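I have placed the structure first, in the form of structure tokens, so that the comments after it can refer back to it.
Excluded from the calculations below are hydrogen atoms, water molecules and symmetry mates; all remaining heavy atoms, backbone and side chain alike, are included. This is a predicted model, so every value here is computed, not measured.
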Amino acid sequence: MISSNILAGLNPQQLQAVTLPHQSALILAGAGSGKTRVLTTRIVWLIQTGQVSPHGLLAVTFTNKAAREMLTRISAMLPINTRGMWVGTFHGLCNRMLRAHYRDARLPQTFQILDTQDQLALIKRLLKSLNVDEERYPPRDLQYFISGHKEAGRRAAAVEAYDEHSKRLIELYAQYDQQCNREGVVDFAELLLRSFELLTRNEILREHYRRRFSHILVDEFQDTNRLQYLWLKLLAGPDNAIFAVGDDDQSIYAFRGASSQNMFEFEREFAQGRVIKLEQNYRSHGNILDAANALIDHNQRRLGKDLWTDAGEGEPLRAYEAPTDVDEASFIVQEVRSLRGEGTRLSDIAMLYRSNAQSRVLEHALFNAGLAYRVYGGLRFFERQEIKHALAYLRLVASPYDDGAFLRVVNLPARGIGTRSIEQLQDVARQRGVSLWQAACSNPPTGKAGQGVTAFIQLIDGLRQDCFGLSLPEMVELVIDRSGLKRYYESDRDGQDRIENLNELVNAAAGFDAEGGASIAEEDAAAVGLPQEAAPAADPRLALLNSFLAHAALEAGEHQAADGAQALQLMTVHSAKGLEFDAVFVSGLEEGLFPHENSLNQADGVEEERRLMYVALTRARRRLYLSHAQTRMLHGQTRYNIASRFLGEIPERLVRQLSPPRVQGWAGRSGGPAVHTITAFGTPSSSPWRVGQDVLHPKFGPGVIVSVQGRGSDARVMVNFRQAGMKELALEYAKLTAA
DNA sequence: ATTAGTGGTGTTTTT
DNA sequence: CACCACTAAT
């Protein structure tokens, strides 16, 4: 039997996890402990031993990358077609379910998915149409409010109002949902909430899926939010087994509603007594693990777990303090060169940072050094404006009620439709409660603009007609061409890249077509044995287009062209989760940056930042660099930062200092928030205030300067007060005295 | 109707 | 610095 094969080489805990009986269990899997291997091997084992058919299990991950990885590994071990399997992200699977049962879910067949940008645009539009003061109700806050409540499983009606302000927010939430319904669009959180409500409401479907998915497997369980947990619980029912794999120490998505609370709750509700810890690390050398363990030990709320390795202690960690961010970057470049000299491949080296903005300096240095690099993050393929424009045309072809898409391209390229006529259309649409498209069809504006609108409508209608009988890539090409987008960018001097991206979109469509990622919805619906009523003249071609559009929203595509086979990898710590490299540089280890200053006011914010740091450290196999700079350009201003407290939480014996000696080294190494006194190079000599200095404020009392910004009369300092916490003060007015 | 320019503002991480 | 919203000029 092949099964002995796949189990070979597993350690006792891994083996135990893989071959658990049909019961819910929690696998606490530390970084580098073979988490993905255990998960995929269990799937293969379950199938091979005939305990479940590929059809009868559901495996859910958090990222598309992880889902792909899982599918790849499964098909490497098992000669089966993974296409029909329910393996994917929460959002992907919910989308799939909603497509299969769109009527029961009360959605139009061609419902479109809003990404974060689209959602914000819709909210702004809504606020404007309701004459809401954007000062008092910032669109971003409302977006946060809505997503937060949806992710907790609450509709507007279920949200409690505390005051007038929150009452208004709740109203806006309700109106937002109405607007989404009118337009036939759903945001990310809505995918989950709809799916959850569908299963709650519809007993037949619920029972069907419960009977079908006897095994549910969850990856990165620590990243699930409340709603996802409820969804899993609903699907599992009383009889199914949930196999949850996670690491509370790597929970870094609390800002998105994730809560490692779910792990505690899961243990209580499902996995009582069935918790398996995977603590042997197969990735990193001992010193790196010791550093990570020591760091994470500073967190209070943990399930508790200690990684060990038998790989030997390896090299010490290397630390460097640079005068400026530019110097930090050139130090890193120099080290990359020597690593390369030792035979490390560029693609095995990663440069990690807390926020995307930090990549600029590094990129600059790498570019000048002629080193190949690849940046993850920033703008993704499907988020580029030219791509968004093309997709908007396609969306209108698929679903004309999509106001967001309408507004995006109704006057691009220019058709003489200005703000005025658009407002007219919006008025008509609002009064009659219809979409902009409908308003435009029945009540086109008068005059020149009216001609433009009519031309636009004819264009879209014509495109829809002509898409019949075309393949997906042909449709995309037709739309790009006939919409005038191509001409528009051709006449633009810097439009070359955009044209190339548009061509690339045609390729993406061709690839999607070839992989047959579509029309699963029909299969799924058929599999349930609940045939959808025949949609009026539903064109299978348009169904294909529709799934392509969903794909574009759910999987925004690689961050950058995937060429760099031999290139350094630059990315945020968040996007590095799940990856590993021979050598890792963690740069910008400064208070305010990492931990990020915004996290300091948030409950458990610093603990989350520490987990993030833990993730960063545990990416490294054999060499780990930790660096920070005394001054850094940020938002066009020079900031003076002190070393991150996290550096002080790593035992000194594990670290080799590479920085040139200074008057004062790292201080406060033992316990507590480290207070570092540094002599900041380049501090304006006019100012007596220095980072790290103890100060006294008449109202706030004693504190420490955390950063200094600007000079002269604009000079401001960030002070961490013992009582009052973090405050930003203008030096001109604040009555600060040195302590 | 469209464009260029200005001023104010914020700014983490991502499915 | 970069993005936005708004204003002034074409």
Main-chain N/O of A/Asp327 paired with A/Thr324 side-chain donor or acceptor, under 3.5 Å: yes
Euclidean distance, atom OH of residue A/Tyr353 to atom C1' of B/dT13 [Å, nearest integer]: 12 Å
First encountered from the 5' end of DNA chain B, between A/Thr419 and A/Leu612: A/Thr419
Length of the line joining A/Glu607:CD and B/dT13:P, which is rounded to integer Å: 22 Å
Segment of DNA chain C, first to last nucleotide, that comes within the 4.0 Å heavy-atom reach of chain A: C/dC1 to C/dA5
Touch class at under 4.0 angstrom, heavy-atom based, for A/Tyr253 against every strand present: sugar-phosphate
Residue pair A/Asn368 / A/His364, side-chain donor-acceptor N/O under 3.5 Å: yes
Touch class at under 4.0 angstrom, heavy-atom based, for A/Asn411 against every strand present: sugar-phosphate
d(CD, A/Gln143; C1', B/dT14) in whole Å: 12 Å
Nearest-nucleotide 5' precedence on DNA chain B, A/Ala414 against A/Asn598: A/Ala414
C/dA5 to B/dT12 separation - C1' atoms, rounded to the nearest Å: 24 Å
Sugar-phosphate, base or nothing in reach of A/Arg611, heavy atoms under 4.0 Å: nothing
Nucleotide nearest A/Thr63 when distance is taken to its side chain, options B/dA1, B/dT14, B/dT15: B/dT15
B/dT13 pyrimidine/purine six-ring stacking with A/Phe255, under 5.5 Å and 30°: yes
Separation of B/dT14 C1' from A/Arg380 CZ (nearest whole Å): 7 Å
Whole-Å gap separating P (B/dG10) and CG (A/Asn356): 21 Å
Donor + acceptor pair across side chains of A/Gln424, A/Gln426 (<3.5 Å): no
Verdict with reasoning, A/Arg632 to A/Glu328, per side chain to side chain contact (heavy atoms under 4.5 Å, CB included): CA-CA 10 Å; A/Arg632 176 178 300 275; A/Glu328 182 189 31; 2.9 Å; yes
Sugar-phosphate, base or nothing in reach of A/Ser599, heavy atoms under 4.0 Å: nothing
A/His389-A/Tyr488 aromatic ring centre distance below 6.0 Å: no
Atom pair distance, as rounded to whole Å: CG in A/Leu352 and P in B/dT13: 14 Å
Candidates B/dT12, B/dT15, B/dT11 - which lies nearest the side chain of A/Thr116: B/dT15
Sugar-phosphate only, base, or nothing, as touched by A/Lys128 at under 4.0 Å among non-hydrogen atoms: nothing
Within the 6.0 Å centroid threshold, strictly below: A/Tyr102 and A/Phe111: no
Side-chain donor/acceptor of A/Glu151 to backbone N/O of A/Arg226, under 3.5 Å: no
Rounded interatomic separation in angstrom, taking CD1 from A/Ile417 and P from B/dT2: 8 Å
Atom P, compared across C/dC4 and B/dT13: separation rounded to whole Å: 15 Å
Length of the CG-P vector between A/Leu634 and B/dT12, whole Å: 10 Å
Flag, side chain of A/Asn299 to backbone of A/Arg301, donor-acceptor distance under 3.5 Å: no
Side chain A/Gln602 and base B/dT12 donor-acceptor under 3.5 Å: yes
Face-to-face contact A/His91 to B/dT15 six-ring, under 5.5 Å, under 30°: no
